[in-house]
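Values below: every heavy atom of this structure, side chains too, minus hydrogens, waters and symmetry copies. Start at 1 with the first residue, then count along the sequence.
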Amino acid sequence: MTRFLARSLGLTCLLFGLAAPADEAKKDEAKAPPAPPVVVDLVLKGSLTEGPSPVGLDGEPIGDNLKTTVDKILKAKDDAAVKAMIVRIHGLSIGLAKGNEMRQALAKFRESGKKVYAFLESAENADFLVATAADEVVMPESGWLMLKGLAAEITFYKALFDKIGVSADWMQVGEFKSYGEPFTRTQMSPAFREEITALLSDSLGIMAEAIAKRQGIAPADAQALIDGGPYSPTAAKSVGLVNRICYEDQLVDAIKKDLGVDKVKLDTKYGKKDETLDLSGFAGFMKMLQMLSGEGTKKASTNAPKIALIYASGPISTGKSTSSLFGESTMGSETVIKHLREAEKDKTVKAIVLRVDSPGGSALASDLIWREVVRIEKPIVATMSDVAASGGYYISMGADKIYAEPGTLTGSIGVTGGKFVLGGLMDKLGVSTDTVTVGKNGTMYSSNRPFSEAERAAMKRLMDDTYRQFVAKAAAGRKMTVEALDKLAGGRVYTGRQAQKLGLVDEIGTTDDAIAAAKNLAGLGSDVTPELLVLPKAQGLLEALVGPLEDRDVMAPSLRAAMPEPARSMMDRLAVLQGLFSRERVAVILPFDLKIH
């Protein structure tokens, strides 16, 4: 009778959706096999852009940016179900700063006692730099490790311009402000060469130190390993740069053996929602339109204390920012100021982190953003990505604290300006121009002839005044005398760790370090975990696809890809100049861009 009642009670519980008795549940659990350990399978490639990615139909970002990738790794660190991670690294196009952010995240994952396996089919310098943070570097026997020294190839166009009747009438304030040199010279000036040599030497030193730390050897020995490259996988393994030579399926078998299990779950979509969208019928159609526009994908605001994370990415200009599905962006002063004021007015925002990844641009736009940074009373911490130089440094220098990565390109406190003179080319083409002027300097920005002496003097006055402002405001922000700051200016570019030693930045650290500093400056206790308010908010897919195309000229990717590298480089630089100097007359912009390839 007792057994009958117990069975009846269990049946009744099932019929009414109630839990079965605890002993029955335990029996069911005992019968179920344990879930296999999760191995996160993460792909790292491309540029790992800053800022929020566009949102797809499923409400999830299309691809990962740097912050979401780092957050995914740190989430896996604390996930008890995750026992290891495979990081497939190929084709990274990043600088030393982003490389260090990834290395630090992987190092934190390993601190939990879980292993990281870096799988490289083939690898350039940037790929291997990130891989140095792994427990094991794995390659197939048919791969290659293109570890090598660093080089900067600067293409000069003056001889070409001479042939076609074009000249660049360019000026600069600061010995090292060499933005116009590719158009006015046939080789680097001594100052330009000195600057590039110093940057490459320190950047190579950072790479050597990463290898030395992993191998447990002296930096000089790590430098010798770099000089001994490129390597085949077998050769790389013989000197300790690669730990295991195997194929993908063999790596999975090796991980099973390391974990002491017969089966693992490879999770290639770790951290993403696992939902099937129903977009059928009229309701589904309306839901699709809503998702395309980005509606319904943004989290509702709460009253919890927040840190605003504001992304400031791309060349700087006046007006609104633009961005695209392909990761290209420009930083508009109107947009950045709008986001700063939004964070200022939000009472739940206790501090602001300004994430800067910019070579600079318009001096006016940079100054307008700087003014907003110094005006706002809430604590502001600047954190620098691969590049925060010239205008990128300008908008950072008013922050309460500045963080940079060891390999960040920063500084470049100098000014440049000028124009291209096309009169000779027009003559060759049989095109003539007749001009009427009233008053002085009316044709100052004419592309038909160089500056006159009076026009050049007027332009120089504008540039000198901008330079004095730049130096004075940087000195105030860094609590230096103008004379001391001026010795560090002159357009000179530094790595982040060089800048920290010179006092141009405060700390070496990651975005998370900057967020922690902002929390401390805001006086939030250790028991408080603030939410992040990310600005700009993620775009909907339709907005990302359509919006920016109305605001810019786009060269067909296939046409651009077919061009030889010098031509692509010139077209890219001319496109920046056209967009910048069509509206802005004086620029604070980095003369070059260095990537670790």
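Relative to the six-membered ring of Tyr270, Lys72 misses at least one condition, a distance below 6.0 Å or an angle of at most 45° to the axis.
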List the steps and the verdict of side-chain hydrogen bond (donor to acceptor under 3.5 Å, both in side chains) for Thr510 and Glu405. CA-CA 7 Å; Thr510 64; Glu405 294 283 0; 5.3 Å; no
Check step by step if side-chain hydrogen bond (donor to acceptor under 3.5 Å, both in side chains) holds for Lys177 and Thr416. CA-CA 7 Å; Lys177 199 66 177 179; Thr416 187; over 6 Å; no
Begin with the C-alpha distance, continue with both residues' side-chain angles, and end with the deciding distance and a verdict on side chain to side chain contact (heavy atoms under 4.5 Å, CB included) for Leu502 and Tyr494. CA-CA 10 Å; Leu502 295 170; Tyr494 305 95; 3.4 Å; yes
Passes side-chain hydrogen bond (donor to acceptor under 3.5 Å, both in side chains), Thr348 versus Asp346? Steps please. CA-CA 5 Å; Thr348 66; Asp346 189 332; 2.6 Å; yes
Salt bridge (charged side-chain N to carboxylate O under 4.0 Å, His left out) between Glu209 and Arg497, worked out: CA-CA 13 Å; Glu209 288 167 18; Arg497 64 181 188 177; 2.8 Å; yes
Show, in sequence, the C-alpha distance, side-chain angles and deciding distance for Ser385 and Val356, and conclude whether the side chain to side chain contact (heavy atoms under 4.5 Å, CB included) test is met. CA-CA 6 Å; Ser385 183; Val356 182; over 6 Å; no
Between Phe109 and Val116, is a side chain to side chain contact (heavy atoms under 4.5 Å, CB included) present by the stated rule, with each step listed? CA-CA 8 Å; Phe109 179 89; Val116 176; 3.3 Å; yes
For a salt bridge (charged side-chain N to carboxylate O under 4.0 Å, His left out) check, start with the C-alpha distance between Lys473 and Asp367, then their side-chain angles and the critical distance, and finish with the verdict. CA-CA 10 Å; Lys473 291 170 181 176; Asp367 188 65; 2.5 Å; yes
I would like to know whether Val471 and Ile413 meet side chain to side chain contact (heavy atoms under 4.5 Å, CB included); could you show each step before the answer? CA-CA 7 Å; Val471 170; Ile413 302 171; 4.1 Å; yes
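Checked against Leu340 for a side-chain contact (heavy atoms from CB on, under 4.5 Å), the options Ile352, Thr335, Leu535 give a single hit: Ile352. Just one residue in the list Gln500, Lys401, Arg478 forms a side chain to side chain donor-acceptor pair (under 3.5 Å) with Asp506, and that residue is Arg478.
Contact check for Val82 versus Lys114: side-chain heavy atoms found under the 4.5 Å cut-off. Counting heavy atoms from C-beta outward, Val38 and Lys83 have side chains that stay 4.5 Å or more apart. The shortest side-chain heavy-atom distance between Tyr403 and Val381 falls under the 4.5 Å cut-off. Side chains of Ser313 and Thr49 form no contact here, defined as non-hydrogen atoms less than 4.5 Å apart. Contact annotation: the side chain of Ile316 never approaches that of Ser333 to less than 4.5 Å [non-hydrogen atoms, C-beta and beyond]. Side-chain atoms of Ile89 and Phe119, non-hydrogen and from C-beta on, never get closer than 4.5 Å to each other. Annotation: side chain of Arg492 is in contact with side chain of Glu195 (closest heavy-atom distance under 4.5 Å). Using a 4.5 Å cut-off on side-chain heavy atoms (C-beta onward), Val336 and Arg341 make no contact.
Atoms OG and CG, on Ser47 and Asp386 in that order, are 9.5 Å from each other to the nearest 0.5 Å. Separating the CD atom in Glu344 from the CD atom in Glu377 is a distance of 8.0 Å, to the nearest 0.5 Å. Remark: Leu354 CG to Met384 CE distance equals 9.5 Å, nearest 0.5 Å. Interatomic distance, OG1 of Thr408 versus CG of Asp357, reported as 9.0 Å (0.5 Å rounding). Once rounded to the nearest 0.5 Å, the distance linking CG of Leu462 with CE of Met171 reads 9.0 Å. A distance of 10.5 Å separates OG1 in Thr268 from CG in Leu42, rounded to the nearest 0.5 Å.
Between the side chain of Glu124 and the main chain of Ala126, no donor-acceptor pair closer than 3.5 Å is present. Judged purely by atom type and a 3.5 angstrom limit, Glu372 has no side-chain atom pairing as donor or acceptor with the backbone of Ile369. Judged by distance alone, with hydrogens and angles left aside, the side-chain atoms of Lys115 form no donor-acceptor pair with the main-chain N or O of Ile86 at under 3.5 Å. Distance alone, capped at 3.5 Å, places no donor-acceptor pair between the Thr410 side chain and the Ala389 backbone. Looking only at distances, no side-chain donor or acceptor of Lys345 sits under 3.5 Å from a matching main-chain atom of Ala343. No donor-acceptor distance shorter than 3.5 angstrom exists from the side chain of Ser362 to the backbone of Ser317, with no hydrogens or angles considered.
Heavy-atom contacts from other residues, nucleotides or ligands closer than 6.0 Å to CG of Asp78 number more than 12. Counting non-hydrogen atoms of neighbouring residues, nucleotides and ligands closer than 6.0 angstrom, the NZ atom of Lys108 exceeds 12 such neighbours. In this structure, Arg110 places its CZ atom where more than 12 heavy-atom neighbours from other residues, nucleotides or ligands lie under 6.0 Å away.
The pair Lys537-Glu342 meets the salt-bridge criterion, since a charged nitrogen lies less than 4.0 angstrom from a carboxylate oxygen. Taking the charged nitrogens against the carboxylate oxygens, Asp465 and Arg468 do have a contact shorter than 4.0 Å, which makes a salt bridge. Between Glu50 and Arg355 a salt bridge is recorded (basic side-chain N to carboxylate O distance below 4.0 Å). Ion pairing between Asp127 and Lys45 fails under the 4.0 Å rule for side-chain N and carboxylate O. Taking the charged nitrogens against the carboxylate oxygens, Asp71 and Lys67 do have a contact shorter than 4.0 Å, which makes a salt bridge.
In this model, a donor atom of one side chain and an acceptor atom of the other lie less than 3.5 Å apart for Thr511 and Glu101. Side-chain contact annotation: Thr318 with Glu334, donor-acceptor N/O pair under 3.5 Å absent. When only modelled atom types and interatomic distance are considered, Asp486 and Tyr467 share a side-chain donor-acceptor pair under 3.5 Å.
Classified by interplanar angle (parallel below 30°, tilted 30° to 60°, perpendicular above 60°), the ring pair Tyr394/Trp370 is perpendicular.
Closest non-hydrogen pair, Leu485 versus Ala474, comes out as CD1-CB, 3.8 Å. The shortest non-hydrogen separation linking Ser412 to Val493 is CB-CG2, 3.7 Å. Taking all atoms of both residues into account, the shortest heavy-atom contact from Lys350 to Pro305 is CG-CB, 4.1 Å. Heavy atoms only, all atoms of each residue included: Ser366 and Gly391 are closest at OG-CA, 3.6 Å. Contact between Leu129 and Ala210 at its shortest, heavy atoms only, is CD1-CB, 3.8 Å. A pairwise comparison of heavy atoms in Val588 and Gly414 identifies CG1-O, 3.3 Å as the closest pair.
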